[in-house]
Structures are given as C-alpha cells and as structure tokens.
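Structure first, commentary second.
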Amino acid sequence: MLAAKPHIVILGAGYGGIVTVKRIAKQLSTNDANITLISKHDYHYQTTWLHEPAAGTLHHDRTRMKIADLIPSHVQFIEDEVVEIHPKENKVSLKNNEQVTYDYLVTALGSVAETFGVEGVYEYAFNKWTLNGARELREHTEYMFAKYNNEQKEEYLTFVVAGAGFTGIEYIGELSERMPELCKEFDVPMNKVKMYVIEAAPTALPGFDPELVEYAMNLLENRGVEFKINMPISKVTEDGVILKDGTEIKAGTVIWATGVRGNPVIEKSGFENMRGRVKVTKDLRAPDYDNVFIIGDCSLIINEQTDRPYPPTAQIATQQAEVAARNLANLVKGRPLEEFQPDIKGTVASLGGKEAIGVIGDKKVFGFSANFMKKMIDNRSLWMIGGTGLVIKKGKNPF
Ligand code: FAD
Ligand code: NAD
C-alpha cells in the first residue's frame, strides 16, 4: 500500500509565500505532496511598491496580480483569512472555511504597523500598508483637497508622516512629487499645502549613509516637505498629532510608518515571539515545532556581526522562501536540512519621480543611477514570481 502524501500548507501570498509555492512546486511532484496556499485575497500585491498607489502616483492594479496566474495548477488555493494556527494539532483555523490540517506549514503572513504604544494610531492614522490600505489613503487624500475647496480649513491640506524610516521617506517622496499636479487639479495654490515628516530618532533614516540621508532631505525639502527630527509623536487624535514637547499639529491626514511587528496571528497562536516575530532556527523553523517554517516579516533572524535583528525586508523574505522550499523538499525526501544565511545586496529607496538613493555593496548611488537600480529591482521581483511575461505586463521603465 502507498504511504499517504504529506500535505504542505503555505500561509500568505506575499513575497515569502508566493516564492515558496513557486519553488516547492518545482522540487516536489504531485506524487510527492499535496500543496495548498491560503491567503486573504485572490491576488498577490507587491508590498514594496505600496507607497506609490498610496500617494496616487501608480494605479493599484499595477501592483497586484491574480494568484491563479502565478501558481501551478496542481497547487490548491484557498482565499480566506487565517485566524489562528494550532501548531500542537497541525491545524489552521480560517474565517470562512473549515479548519485545514497540515503535515508541514510555512507561515508568511507579513506584518502590521508597530505603534510602540502611541495612542490613537489605529483609530485616526492611516496605518495599513496593504493594497486596500493604499487605495483608501489615495482616495482620502483627494477627498481632503475636494473638501478644502468647499470649507477652506487649513488642516485639510496638512499631511503628517510619522517616521522617517524607509516607508515614510518613500511615501513622502511620492506624495511630494504628485503635489503640484494635485494642486493644479483641485485649483489650490501649492503654498496652502503642508507636508511634515516627524521622526523620533536624531536623524532621518537612522543607520543609513549620512551623505545619502542629506541628499534625500534636501531634495524633499525643496519639494516643500518639512522635517521635525528628534521629536517623537506621542499621540494621534481626531484632529492631528501631538508631539513629545506638547506641540499639536492639526492635520486631516496622518500616515503611520514607524516600523512593523509580525502578523497578530503569530501571537494569537501562542508562538514564542518578540513583537510578533518568531526567532527561528537556522533552518527557518519555529523552535518548538519541527514541521512549521516561519519566514518573512513574521520571522526574526539575528545578524551575528551586529548582534541585532535584521530589519524585515522583501529581500530577506524572498531569500528565506528559497531555503524554506528546499528544506520542505528535504524533509519530505528524508534529507538533511540546510541553514539560511542572508545575502544582503544593498538597499535602494525611491524618492518619487526619477529620484532615489541607495547603497549597493559598498557603492553609494543617487539620482538617475539609483532610480535605474530601484526600477530594475522592482522588475526583478516581478520576474521571480511571473517571468518575463509579467515584467512586460506590469514592469517599470527604468529610464
Ligand atoms: P507580505 O509580502 O506583506 O505578504 C503577506 C501576505 O499575507 C499578503 O498577501 C497578505 O494579504 C497575506 N495575509 C496577511 N494576513 C493574512 C491573514 N490573516 N490570512 C491570510 N492571509 C493574510 N523591502 C525591501 O526589501 N525592499 C524594499 O524596497 C521595500 N520597500 C517597501 C516599501 C513599503 C511601502 C513597505 C510597506 C515595505 C517595504 N519593504 C521593502 C518591506 C517588505 O515589503 C516586507 O519586508 C515584505 O513584504 C515581507 O514579505 P512577507 O512575505 O513576509 O509579507
Ligand atoms: P523603520 O523601523 O525602518 O523606520 C521607522 C522610523 O519611525 C524609525 O526611524 C523610528 O525612529 C521612527 N519612529 C518610531 N516611533 C516614532 C514616533 N512615535 N514618532 C516619530 N517617529 C517614530 O520602519 P519602516 O520605515 O516602517 O519600514 C519597515 C521595514 O520595511 C524596515 O525593515 C525597512 O527596512 C523595510 N523597508 C525597506 C524599504 C527599502 O529598502 N527601500 C522601503 C520601505 C520599508
């Protein structure tokens, strides 16, 4: 009699999830395992592009693609929200479907906004870096302009970005680039608009190359952005934000970008975690569960050179997915597992239009060359999940 085929379940169709599915489907045949992908929507979106649709410089459809078009036909797809994982029972609870049982699980559910206990973030700030979150923020921005035309309240044209990390900087880069066009469309003089970026640390982009930080800040200031550095936001209210020194900034739009924590499903499911991220073993498994891999923003791995966690990035999520897929195949075939070692190629951040900054290897890039690199990185990530056809359909022009 043939042994039952193992059931591999992958949670989340972001960078980690989709790349795992694509790779595992190549390494295991339909005779080796049944594979199921579960994700909230029937589309994958490029999380790393979301600052663009959020500011309205790119249509959100350019950032998403149907999952059915990305995954092999023998992979089963369930469109549903994961509510809880029961690692002791090898089961996953879903919002709308029955529980799913697995032999091997890959958790790649991404992250949510970190508030660091600041009151009012969930109630009053735009904090969802998801496709629907981006769509809502873009619509709201346009609504604020339309409202200003009727009521002339200054705060409608005041935008506050909380956090000058990469998300905050990339977002304000797009918004400031679009601002002249928005003002023209809504017959509003540019000098009525206020764009603030408020950062708790003593510098924007803490830890990044100071010369490139200066380049970015000068460029953004020339587009009308005002930085408030070394000034944590201590509260978000219906009317705007309150800073640590008590200053109130009235704003119709507050955008939260002060870092992330792992998906709340991790905490709910009882995994030992730090801010929703599980410190995984070298082969990317949850310490107490040999059949559960955790990758991407839900995982935490330590940079042994600095003894600090690596920042959660798509770069790492994708590399982890490659190793998780090989290790799943290793487990199914009874082979030893390999260890994950990140290979950090660099960091490139867009600043809107044809501007960007970055460090690749030990080389600094800015302006045209950085913008070229950024677009090529974006195109490469499309190529990884959908090949040349997807790059032609959704890719970006690097020139
Ligand atoms: P994601 O890619 O976010 O995917 C999570 C998936 O899980 C999604 O499909 C989601 O719908 C699904 N999901 C979530 N909750 C549930 C649930 N309960 N049930 C079912 N499905 C669920 N990193 C870089 O390396 N380079 C960059 O240039 C870069 N730019 C960024 C720009 C922005 C604006 C942002 C917000 C982030 C950026 N990052 C960048 C970080 C990067 O996007 C993340 O580290 C990366 O997306 C993590 O991959 P992941 O697979 O863990 O999660
Ligand atoms: P982050 O941690 O990189 O930056 C958050 C910033 O918010 C920090 O500078 C922090 O000092 C500040 N902050 C925290 N609390 C604050 C408060 N109360 N008031 C004001 N400022 C406050 O987080 P992020 O920018 O959200 O990015 C999340 C992850 O995604 C990171 O790992 C980042 O590297 C990655 N990412 C990468 C890129 C890229 O490579 N181009 C782009 C976006 C995001």
Side-chain angles (χ1 to χ4, degrees), residues 10-20 37-41 43-54 64 67 78-84 92 94-95 107-118 121 128-134 160-171 174 197-208 228-236 241 243-244 256-260 262-265 268 294-299 309-321 344-350 356-358 374 377-378 381:
I10 294 119
L11 307 180
Y15 292 97
I18 283 286
V19 174
T20 304
L37 171 66
I38 304 173
S39 202
K40 230 183 207 174
H41 308 288
Y43 54 82
H44 157 89
Y45 53 85
Q46 297 284 97
T47 308
T48 62
W49 300 17
L50 288 175
H51 50 292
E52 297 176 63
R64 68 169 162 178
I67 287 171
I78 302 174
E79 180 184 348
D80 207 340
E81 186 176 326
V82 176
V83 177
E84 190 174 346
V92 176
L94 304 178
K95 194 169 173 186
T107 303
L109 292 169
S111 51
V112 295
E114 174 61 276
T115 68
F116 297 107
V118 173
V121 174
K128 291 191 181 73
W129 292 99
T130 59
L131 187 121
N132 282 330
V160 168
V161 175
F166 284 109
T167 301
I169 291 293
E170 288 201 315
Y171 170 76
E174 296 301 319
V197 176
I198 302 178
E199 168 57 50
T203 166
L205 297 175
F208 201 55
K228 287 191 182 293
I229 300 294
N230 219 353
M231 184 52 70
I233 292 176
S234 49
K235 194 173 177 181
V236 186
V241 293
L243 310 185
K244 197 184 168 201
W256 202 255
T258 68
V260 295
N263 191 303
V265 166
K268 188 165 183 202
I294 301 187
I295 62 173
D297 287 3
C298 292
S299 72
Y310 279 100
T313 62
Q315 190 175 179
I316 288 185
T318 308
Q319 292 177 9
Q320 286 178 321
I344 307 298
K345 314 267 187 223
T347 301
V348 187
S350 59
I357 47 169
K374 180 71 179 158
I377 293 166
D378 288 350
S381 101

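One-based numbering, in listed order, for ligands and for the atoms of each.
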Short N or O contacts of ligand 1 with protein, under 3.5 Å, listed by atom name?
unit_1, atom_1, unit_2, atom_2, d
ligand 1, 2 (O), Tyr15, N, 3.2
ligand 1, 2 (O), Thr47, OG1, 3.3
ligand 1, 3 (O), Thr47, OG1, 3.2
ligand 1, 9 (O), Gly14, N, 3.4
ligand 1, 15 (N), Asn263, ND2, 3.0
ligand 1, 18 (N), Val82, O, 3.1
ligand 1, 19 (N), Val82, N, 2.7
ligand 1, 21 (N), Lys40, N, 3.1
ligand 1, 23 (N), Ala314, N, 3.1
ligand 1, 25 (O), Ala314, N, 2.9
ligand 1, 25 (O), Gln315, N, 3.1
ligand 1, 28 (O), Lys374, NZ, 2.7
ligand 1, 45 (O), Asp297, OD1, 2.7
ligand 1, 45 (O), Asp297, OD2, 3.4
ligand 1, 45 (O), Pro312, O, 3.4
ligand 1, 45 (O), Thr313, N, 3.4
ligand 1, 45 (O), Ala314, N, 3.2
ligand 1, 51 (O), Tyr15, N, 3.3
ligand 1, 51 (O), Gly16, N, 2.8
ligand 1, 52 (O), Asp297, N, 2.9

Subject >> Atom-level proximity to ligand 2, residues with heavy atom under 4.0 Å >> reply: Phe116, Val118, Gly163, Gly165, Phe166, Thr167, Glu170, Ile198, Glu199, Ala200, Ala201, Pro206, Pro232, Ile233, Ala257, Thr258, Gly259, Pro311, Pro312, Thr347, Val348, Ala349, Lys374
Subject >> Gln320 and Ser299 side chains, donor-acceptor separation under 3.5 Å >> reply: yes
Original post:
Does a side chain donor of either Trp256 or Thr258 reach within less than 3.5 Å of an acceptor in the other side chain?
Top reply: yes
Original post:
Which heavy atom in Ile67 sits nearest to a heavy atom in Ala13, and how many Å separate them?
Top reply: CD1-CB, 3.5 Å
Original post:
Which pair of non-hydrogen atoms, one from Asp297 and one from Thr313, has the smallest distance, and what is that distance?
Top reply: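 Of all heavy-atom pairs spanning Asp297 and Thr313, the closest is OD1-N, 4.1 Å.
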**OP:** For Val112, enumerate each residue passing the side chain to side chain contact (heavy atoms under 4.5 Å, CB included) test, keeping only those at least two apart in sequence or located in another chain.
**Re:**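 For Val112, the residues satisfying side chain to side chain contact (heavy atoms under 4.5 Å, CB included) (neighbours in sequence not counted) are Arg261, Pro264.
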Subject >> Pairing residues for Glu174 by the side chain to side chain contact (heavy atoms under 4.5 Å, CB included) criterion, not counting sequence neighbours >> reply: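 Testing Glu174 for side chain to side chain contact (heavy atoms under 4.5 Å, CB included), a comparison that skips the adjacent residues, returns His51, Glu52, Ala55, Thr57, Ser350.
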Original post:
Are Glu170 and Lys374 ion-paired here, with the side-chain N under 4.0 Å from a carboxylate O?
Top reply: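 Counted as a salt bridge, because a side-chain N and a carboxylate O are separated by less than 4.0 Å.
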Original post:
Sub-3.5 Å donor-acceptor pair from the side chain of Glu199 to the main-chain atoms of Ala164, do we have one?
Top reply: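 Looks like yes, one N/O pair under 3.5 Å.
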Subject >> Mutual orientation of the aromatic rings belonging to His41 and Tyr43 [parallel < 30°, tilted 30-60°, perpendicular > 60°] >> reply: parallel
